Amino acid sequence: MMEPAIIPNQPNLDPMIPVPAIVRRIVWETDDTFTLFLEPPLFDGMPFSFEPGQFNMLYAFGTGEAAISISSDPGKPGSLAHTIHRVGTVTSSFSKLKRGEMIGLRGPFGRSWPMKQAEGMDVCIVAGGIGLAPLRPVIYSILKHRKKFARLTLLYGARTPLDLLYRVELEQWNKHDDFEVLITVDRSDSSWKGHIGVVTNLLSYIKLDARSTIAMVCGPEIM
Ligand SMILES: Cc1cc2nc3c(=O)[nH]c(=O)nc-3n(C[C@H](O)[C@H](O)[C@H](O)COP(=O)(O)OP(=O)(O)OC[C@H]3O[C@@H](n4cnc5c(N)ncnc54)[C@H](O)[C@@H]3O)c2cc1C
């Protein structure tokens, strides 16, 4: 059984019992991936809180349950988002949810990315595909406390330009002077002017000092 993480100020309720969570909206990021925004549930009257990298078990009534990382900003507990790749029964069921409908939620589970250890260091985030979802809370947290961290780099790869998640935010992040964002796609037509190739190829475009850099990496196994 997965152990629930101990979150300060959050009562450690029975991790086997889902709490109701109301759907606020669904935003499609790509043809097969969407972000599900939920009304953050209360636990004994306490607001839901989580750390970057944690996940919830989301339960579609009558269908089943899936582990889904939290992709929203931990500093904004009023909004709880999960970015979901529609691959099978449960994730398809989530994709059909409408505003006001209810799902079950257990969590948060899992350990945080090493945010404390990263303070004072260069941070290199490497994400492949849906792997950007559990890393987005890290980006929000670092941008909020930018002075606590040294260089910040994001290397992000998707199959095609149409598979890139969070396109508006990627553009915004790219405008930050102190945030280096490099994006690549596996394949594209000539309309794509950026990098082509797997995400790890991007490592050759940046300078890393292994002694002062912490890497946070999430993507498919082959990555
Ligand atoms: C800790 C953790 C965090 C996760 N976070 C996320 C997240 O943030 N977003 C997210 O979308 N998923 C995430 N996943 C994966 C997610 O839990 C599964 O994709 C989900 O359980 C699939 O359920 P399903 O019923 O829709 O698919 P199933 O009906 O179980 O699978 C149907 C078919 O899809 C295939 N399949 C299953 N998963 C995948 C996949 N990921 N890619 C390609 N084919 C697949 C299976 O091989 C099967 O053929 C996470 C998993 C873990 C363990």
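All residue numbers in this chain count up from 1 along the given sequence. What you are looking at is a predicted structure, and each value in this text was computed from that prediction instead of being measured. All ligand and atom numbering here is 1-based and tracks the order in the structure.
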> When you measure from atom 14 (N) of ligand 1 to every protein heavy atom, which one gives the shortest distance, and what is it?
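For this ligand atom, the closest protein heavy atom is Ala67 O, 3.2 Å.
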
> What verdict does the side chain to side chain donor-acceptor pair (under 3.5 Å) test give for Tyr205 and Glu180, after you've listed the backbone C-alpha separation in whole Å, the side-chain angles of each residue and the deciding distance to 0.1 Å?
CA-CA 11 Å; Tyr205 292 94; Glu180 190 177 10; over 6 Å; no

> Classify the contact between Thr33 and ligand 1 as side chain, backbone, both or neither, using a heavy-atom distance cut-off of under 4.0 Å.
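Near ligand 1, Thr33 shows nothing, with every heavy atom at 4.0 Å or more.
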
> Would you say Asn56's side chain and Leu58's backbone share a donor-acceptor pair under 3.5 angstrom?
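Not at all, since once roles are kept as given, no pair shorter than 3.5 Å links the two residues.
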
> Examine Gly88 against ligand 1 and note whether any of their N/O atoms are separated by less than 3.5 Å.
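For ligand 1, there is an N or O atom that lies under 3.5 Å from one belonging to Gly88.
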
> Report yes if Val90 has an N/O atom closer than 3.5 Å to an N/O atom of ligand 1; otherwise report no.
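So ligand 1 has an N or O lying under 3.5 Å from an N or O of Val90.
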
> Looking only at N/O atoms, are His85 and ligand 1 under 3.5 Å apart anywhere?
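It does: an N or O of His85 is found under 3.5 Å from an N or O of ligand 1.
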
> Can you check whether Ile26's main-chain N or O pairs, donor with acceptor, with Arg99's side chain at less than 3.5 Å?
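Side chain of Arg99 to backbone of Ile26: no pair is present.
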
> Would you say Arg106's side chain and Pro15's backbone share a donor-acceptor pair under 3.5 angstrom?
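Indeed, once roles are kept as given, a pair shorter than 3.5 Å links the two residues.
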
> Do Met121 and Thr213 touch side chain to side chain, with heavy atoms closer than 4.5 Å?
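No, too far: nothing below the 4.5 Å cut-off.
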
> Decide yes or no for Leu143 and His176: does some side-chain heavy atom of the first lie under 4.5 Å from some side-chain heavy atom of the second?
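Yes, close enough: below the 4.5 Å cut-off.
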
> Before signing off on this row, confirm whether Glu65 and ligand 1 have an N or O atom pair separated by under 3.5 Å.
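No, no N or O pair falls under 3.5 Å.
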
> Would a 4.0 Å cut-off, counted as strictly less than, catch a protein heavy atom around atom 49 (O) of ligand 1?
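Looking at atom 49 (O) of ligand 1, one finds that no protein heavy atom lies closer than 4.0 Å.
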
> Among protein heavy atoms, which sits nearest to atom 20 (C) of ligand 1, and what does the distance come to when rounded to 0.1 Å?
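Among all protein heavy atoms, the one nearest atom 20 (C) of ligand 1 is Ala66 CB, 3.9 Å.
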
> Closest non-hydrogen protein atom to atom 9 (N) of ligand 1, residue and atom name please, with distance?
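Heavy-atom neighbour on the protein nearest atom 9 (N) of ligand 1: Thr83 O, 2.9 Å.
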
> Identify, for atom 3 (C) of ligand 1, the protein heavy atom at the shortest distance, and state residue, atom and that distance.
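I find the closest protein heavy atom is Ser69 OG, 3.5 Å.
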
> Considering distance alone, does some N or O of Phe55 sit under 3.5 Å from an N or O of ligand 1?
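By distance alone, the answer is no.
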
> List ligand 1 atoms under 4.0 Å from Ile84, heavy atoms only on the residue side.
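The list of qualifying atoms is 11 (O).
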
> Starting from atom 26 (O) of ligand 1, what is the nearest protein heavy atom, named by residue and atom, and what distance separates them?
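Protein heavy atom at minimum distance: Thr91 OG1, 2.4 Å.
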
> Name the closest protein heavy atom to atom 12 (N) of ligand 1, giving the residue it belongs to and the distance to 0.1 Å.
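I find the closest protein heavy atom is Ile68 CD1, 3.8 Å.
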
> Could an N or O of ligand 1 be found under 3.5 Å from any N or O of Val87, whether backbone or side chain?
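The answer is yes, given that Val87 and ligand 1 share an N or O pair closer than 3.5 Å.
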
> What do the steps show when you test Asp186 against Asp163 for side-chain contact (heavy atoms from CB on, under 4.5 Å), and what is the final call?
CA-CA 10 Å; Asp186 296 351; Asp163 293 308; over 6 Å; no

> When hydrophobic residues are tied together by side-chain contacts of less than 4.5 Å, even through go-betweens, does Val217 share a cluster with Leu154?
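Different clusters.
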
> Indicate whether atom 16 (C) of ligand 1 is within a distance of less than 4.0 angstrom of some protein heavy atom.
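So far as the 4.0 Å threshold goes, atom 16 (C) of ligand 1 is in reach of a protein heavy atom.
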
> Would you check, one step at a time, whether the test side-chain contact (heavy atoms from CB on, under 4.5 Å) holds for Gln54 with Phe109?
CA-CA 6 Å; Gln54 289 196 296; Phe109 294 105; over 6 Å; no

> Taking atom 7 (C) of ligand 1 as the reference point, report whether a protein heavy atom occurs under 4.0 Å from it.
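Yes.
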
> I'd like to know if the side chain of Arg25 reaches the main chain of Thr35, judged simply by a donor and an acceptor atom lying under 3.5 Å from each other, with no hydrogens or angles considered.
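The answer is no, because no donor-acceptor pair under 3.5 Å joins these two groups.
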
> Answer whether the closest heavy-atom distance between the side chains of Trp113 and Pro137 falls below 4.5 Å.
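No, their side chains stay 4.5 Å or more apart.
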
